[in-house]
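Single-structure report; data block below.
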Amino acid sequence: MSRHYEESKKDPSRIIIFDTTLRDGEQSPGCSMNLEEKLRMAALLDEMGVDVIEAGFPIASPGDFEAVNEIAKTVKNATVAGLCRAKAGDIESAAEAIKPAKHKRIHTFISTSPLHMKYKLQMGPNSVIEAIHESVSLARKFTDDVEWSAEDGSRTEHDFLCQAVETAIAAGATTINIPDTVGYAMPDDYAALFAMLLNRVPNIDKAILSVHCHNDLGLAVANSLAGVKAGARQIECTINGIGERAGNAALEEVIMAMRTRPDSLPFKNEIDTTRITKISRTLSSITGFNVQPNKAIVGANAFAHESGIHQDGMLKNAQTYEIMTPESVGLTESKLVLGKHSGRHAFRAKLEEMGYELSDHALNEAFQRFKILADKKKEVFEDDLKALVEDEIASEDNDRIKFMALHVEAGTNGPQVADITLRVDGEEKQAKVQGNGPVDAIFNAIRAIYPHDDSILKLYQVHAVTGGTDAQAEVTVRLEETGRTVNGQGIDADTLVASARAYIHALNKLIVKRHKVRPDALTAADGSF
Ligand code: KIV
Ligand code: ZN
């Protein structure tokens, strides 16, 4: 029996937190991550205490397989899950990818609603039942932790759903997930669905029930919590609520709801909530997906009190307007850390204290950039260092194009001209090119050195790392080329240098991605066994 099943049976108030940021989240347009980024996210999820990390869809592409496999090698505590359709090839590929994991789960799914069976699968109910039996039985040959999902479960006829769930459990599934795939459910209907399954499926006690909610009507968190109140004991969710269309239930919201309202939600989980802010920010910096300022828990305004009346109340007693503390989600003042006279030793010691271990080469590069920054900026905060070091780590891999130098002529009396020097495959190259504004000129100059006419700039975004006019700029650039999307980030006290770094970062990722081809396997119907 899987450890989560045993744990859940021992303590019925225990909720299993299943994070699918790296699978359902990554599936949403513009959210794709490279291997290093996925590994970074998986490590943070593991440290934060999620029970299951759904690391990807191994059959989808060699890149997905590699990511799941590498995550399986590195994750220390969490169970690593790989998604697969009800197909032998998918299941074998998932089994192979998760093999190195200490705790492994195969997650297999098939659609069960009349609409999906008829139009998507083009299969009758009997064939679907057969595919469930075959797929779960095969998955069980590789691990005792098998999850089965009824895609479009919330729009499935009850009698058929009961039959499908009973079949999956009889074949060995220990977790049964009932997704609200299209975000159609209402909280009371979704709760009633779980109550119905608990009442009617004879072998239901042999499995944990799971919620998986999409946010098309803004109800993903409400539905997830309603399902848990009705008896589900696993929540599938993503950081910042990223995911297909309007996204999935946000991990930070379901967790903080349970933590803040134990009177209404008397459940336990293992999440260290003080890690929420860091992981949320890391994800938005990697993907370029900004969190809206008024987003619950992790939005920039979630703990800000602007109105005079609120501020007055807060000064008298924080609980007047604050139902959770900023510290409980890891939101603390960014500390002043180093100045321009700080030496290499202090720099290295500070990075170690912040949990960074850099190679000598990366440390040297980061130290040089820190010195330039400290010269420009009066005060260097922890957030500045974090941004700078993560930028250095991101560009440390085997990039073919490296940024060397930039000079820009800008202002009202145009033309705007960028003079850029890059190192391409070890060879220094320079171009001086005009543009409609300085950023356009920089990007044109990069294109002149390394032509890539098929790619389109889809996003250009600038953020300040800390407050003040001398804050470092964090720039995100998104490029798209024949259906492949990549995000690049660049950090610098000079916004134009940060823009050049971000563009080059994205371009390097695009070059790597050109060699990874996604098979058309995923466009085929997902049911045949
Ligand atoms: O939303 C959904 O139905 C899914 C399944 C594949 C679990 O993501
Ligand atoms: Zn989903």
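When a ligand or atom number is given, it counts from 1 through the structure's own listing order.
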Quick one: which of Asp145, Thr175, Thr79 gives a side chain to side chain donor-acceptor pair (under 3.5 Å) with His4?
->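 Going through the options one by one, the only one that passes is Thr79.
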Parallel, tilted or perpendicular: ring planes of His107 versus Phe18, cut at 30 and 60 degrees =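 Perpendicular.
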Considering only heavy atoms of [X], which atoms of ligand 1 have at least one such atom less than 4.0 Å away?
X	result
His214	1 (O)
Asp24	8 (O)
Pro179	2 (C), 3 (O)
Glu151	3 (O)

Side chain, backbone, both or neither: which part of Glu244 has a heavy atom under 4.0 Å from ligand 1?
->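 No part of Glu244 is near ligand 1 at this cut-off.
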Ala78 and Asp46: which non-hydrogen atoms are nearest, and at how many Å?
->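 Shortest heavy-atom separation between Ala78 and Asp46 comes out as N-OD1, 2.9 Å.
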Please report how many protein N/O/S atoms lie under 2.8 Å from the Zn ion (ligand 2).
->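 Number of qualifying protein atoms: 3.
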Can Arg40 and Thr282 be counted as having a side-chain donor-acceptor contact under 3.5 angstrom?
->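 Side chains of Arg40 and Thr282: no pair found under 3.5 Å.
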Does the side chain of Tyr190 pick up a donor-acceptor pair with the side chain of Ser154 at under 3.5 Å?
->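 Per modelled atom types, Tyr190 and Ser154 side chains form no pair under 3.5 Å.
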Output yes when Lys10 and Glu6 qualify as a salt bridge under the 4.0 Å nitrogen-oxygen rule, no when they do not.
->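 Judged by the 4.0 Å cut-off on N to carboxylate O distance, Lys10 and Glu6 do not form a salt bridge.
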Can you pull the ring-ring contact (aromatic ring centres under 6.0 Å, His included) pairs that have at least one residue in residues 206-245, sequence neighbours excluded?
->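 Non-adjacent pairs meeting ring-ring contact (aromatic ring centres under 6.0 Å, His included): His212-His214.
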For atom 3 (O) of ligand 1, grab the closest protein heavy atom and report residue, atom and distance to one decimal in Å.
->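 For atom 3 (O) of ligand 1, the nearest protein heavy atom is Thr181 OG1, 2.6 Å.
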Atom 4 (C) of ligand 1: the protein heavy-atom neighbour that sits closest, reported with distance to 0.1 Å =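 Nearest protein contact, heavy atoms only, for atom 4 (C) of ligand 1 is His212 NE2, 3.5 Å.
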Below 4.0 Å from any atom of ligand 1, is there a heavy atom belonging to Arg23?
->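 A heavy atom of Arg23 does come that close to ligand 1.
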